[in-house]
Amino acid sequence: MSVHGDDKQSEDPASGLNEEIRLPVDEHIEEEVAENGKKVRARGVYLLPNLITTGALFSGFYAIVAGMSGNFEAAAIAIFVAMVLDGLDGRVARLTDTQSAFGVQYDSLSDMVSFGLAPALVAFSWGLGTLGKFGWAIAFLYAACAALRLARFNTQVDTVDKGVFIGLASPTAAAIVASMVWAGHDVEVGTGLAMIAALVTTAAGLLMVSNFRYTSFKGLDFKGRVPFVMMLAVILVFSLVTIDPAGVLLTLAVLYTLSGPAMWLWGRVHPKPDNRNDKTSDEKAKDRELH
């Protein structure tokens with residue numbers, strides 16, 4: 001009797017308990033800003049950008065599995081595939097006007113797997129494991145620095161100049177580690193090479209949480225016209241990559257990584273002029289009144 005009574009009460013609109021039947025996995029609902037500026041509640045998630053993010057997440061997961069199986073070349077390539085997909089999902093979302101808070105958080109979690117855990121575990125399976133506890137400590141250091149880098153980026157995304165990255169971006173750090181493993185995937189790793197791998201992995205991790213500034217290349221206009229010689233340069237880079245993918249990608253990643261410390265040193269040696277000495281007489285008079 002009580003069961004039927006409850007059913008009847010739930011079907012009564014006046015009872016205020018009428019709720020729609022929900023699946024065990026509920027719909028995602030978030031607030032979005034409509035074209036008229038008002039906030040609206042949107043149900044569900046956008047398929048295309050999140051599908052690309054899922055592909056990046058799968059690539060990172062596959063890299064971990066391949067590394068544990070000893071297939072280090074495939075593991076390194078999978079990390080680079082994740083980098084390509086990670087660069088696409090945000091651009092696709094902006095081009096199709098399908099940005100969402102869910103997509104931002106999902107992308108960040110995918111980055112943690114693909115550019116935090118995957119490079120650390122692949123490097124450990126390849127060479128760091130030779131060093132025992134010291135090796136897995138280095139792998140954990142890298143993974144922890146990647147998590148800190150992503151957390152800091154998410155909290156500063158609206159306050160930092162979009163033309164620069166504060167600290168080495170996690171995809172670039174992952175590229176250094178992955179290309180290192182790719183270049184030495186068929187080499188028997190001894191203690192010496194394992195120590196070099198530990199130094200490279202440690203440097204990549206610490207640079208992610210540093211305050212060095214790196215160009216983000218977000219200001220590049222891919223829709224605009226470029227000089228014809230630029231296309232020749234792009235073709236040349238592609239040609240070099242096909243000759244020795246691991247070596248060329250490692251070289252490019254290292255050069256970009258060194259650009260941050262190099263610009264910092266250049267700023268120390270050639271500091272910018274202090275604009276405070278160029279004040280007008282009126283401004284100097286105001287300063288005297290304030291003091």
Side-chain angles (χ1 to χ4, degrees), residues 53 56 60 76 79-91 93-94 104 107-120 123 138 141-183 197 199-222 224 226 230 233-234 237 240-241 245-272:
T53 303
I79 293 175
F80 279 101
V81 171
M83 290 178 57
V84 174
L85 294 176
D86 179 67
L88 285 177
D89 58 1
R91 293 187 180 276
R94 288 188 291 270
V104 172
D107 179 72
S108 182
L109 293 173
S110 173
D111 289 351
M112 181 57 207
V113 174
S114 300
F115 310 131
L117 291 177
I138 295 298
L141 173 67
Y142 176 91
C145 288
L148 293 172
R149 169 70 176 83
L150 291 168
R152 184 175 68 173
F153 176 80
N154 290 342
T155 56
Q156 296 179 346
V157 65
D158 295 326
T159 58
V160 177
D161 182 10
K162 296 185 182 301
V164 297
F165 289 132
I166 305 299
L168 185 65
S170 57
T172 307
I176 293 176
V177 177
S179 56
M180 175 184 65
V181 174
W182 192 356
L199 290 175
V200 172
T201 306
T202 301
L206 294 179
L207 283 173
M208 281 192 285
V209 294
S210 69
N211 288 325
F212 293 127
R213 292 176 174 265
Y214 291 89
T215 302
S216 66
F217 299 107
K218 291 184 177 180
L220 292 178
D221 183 12
F222 290 96
V226 296
M230 183 65 69
V234 172
V237 170
L240 292 175
V241 170
V248 174
L249 292 174
L250 178 60
T251 302
L252 293 177
V254 170
L255 289 176
Y256 177 77
T257 300
L258 294 177
S259 67
M263 293 302 295
W264 178 80
L265 288 174
W266 178 265
R268 287 301 183 96
V269 176
H270 302 280
K272 294 182 179 180

So do the side chains of [X] and [Y] get within less than 4.5 Å of each other, counting heavy atoms only?
X: Thr215; Y: Ser259; answer: no
X: Tyr256; Y: Leu168; answer: yes
X: Ile79; Y: Trp182; answer: no
X: Phe115; Y: Met83; answer: yes
X: Phe165; Y: Arg149; answer: yes
X: Leu148; Y: Met208; answer: no
X: Ser110; Y: Asp86; answer: no

Checklist entry - How are the rings of Phe212 and Trp264 set relative to one another: parallel (under 30°), tilted (30 to 60°) or perpendicular (over 60°)? => result perpendicular
Can you name the nearest heavy-atom pair linking [X] to [Y], along with the distance?
X: Ala143; Y: Leu117; value: CB-CD2, 4.2 Å
X: Val177; Y: Ala204; value: CG2-CB, 4.4 Å
X: Ala146; Y: Gly116; value: CB-CA, 3.6 Å
X: Tyr214; Y: Thr257; value: OH-O, 2.8 Å

Next on the checklist: My understanding is that only residues two or more places apart in sequence, or in another chain, count here; which of them pass side-chain contact (heavy atoms from CB on, under 4.5 Å) with Arg94?
Outcome noted: Arg91, Gln99
Checklist outcome for this item: Applying side-chain contact (heavy atoms from CB on, under 4.5 Å) to Ala253 and not counting sequence neighbours gives Ala175, Ile176
Measure from the side-chain N and O atoms of [X] to the backbone N and O of [Y], and report whether any donor-acceptor pair falls under 3.5 Å.
X: Arg152; Y: Ile166; result: yes
X: Tyr142; Y: Ala174; result: yes
X: Ser210; Y: Gly167; result: no

Next on the checklist: Could you check whether Ser108 and Asn154, counting side-chain N and O atoms only, form a donor-acceptor pair closer than 3.5 Å?
Outcome noted: yes
Next on the checklist: So, taking the atom named CD1 in Ile138 and the one named CG in Leu199, what distance separates them when rounded to the nearest 0.5 Å?
Outcome noted: 8.0 Å
Checklist entry - When Leu240 is tested against each of Leu252, Val248, Thr251, Leu249 for side chain to side chain contact (heavy atoms under 4.5 Å, CB included), which residue passes? => result Val248
Checklist entry - Would Phe153 and Asp111 satisfy side-chain contact (heavy atoms from CB on, under 4.5 Å), going step by step from the backbone distance to the final call? => result CA-CA 12 Å; Phe153 176 80; Asp111 289 351; over 6 Å; no
Item to check | Asp89 vs Thr53, side-chain hydrogen bond (donor to acceptor under 3.5 Å, both in side chains): CA-CA, chis, key distance, verdict | outcome: CA-CA 6 Å; Asp89 58 1; Thr53 303; 2.9 Å; yes
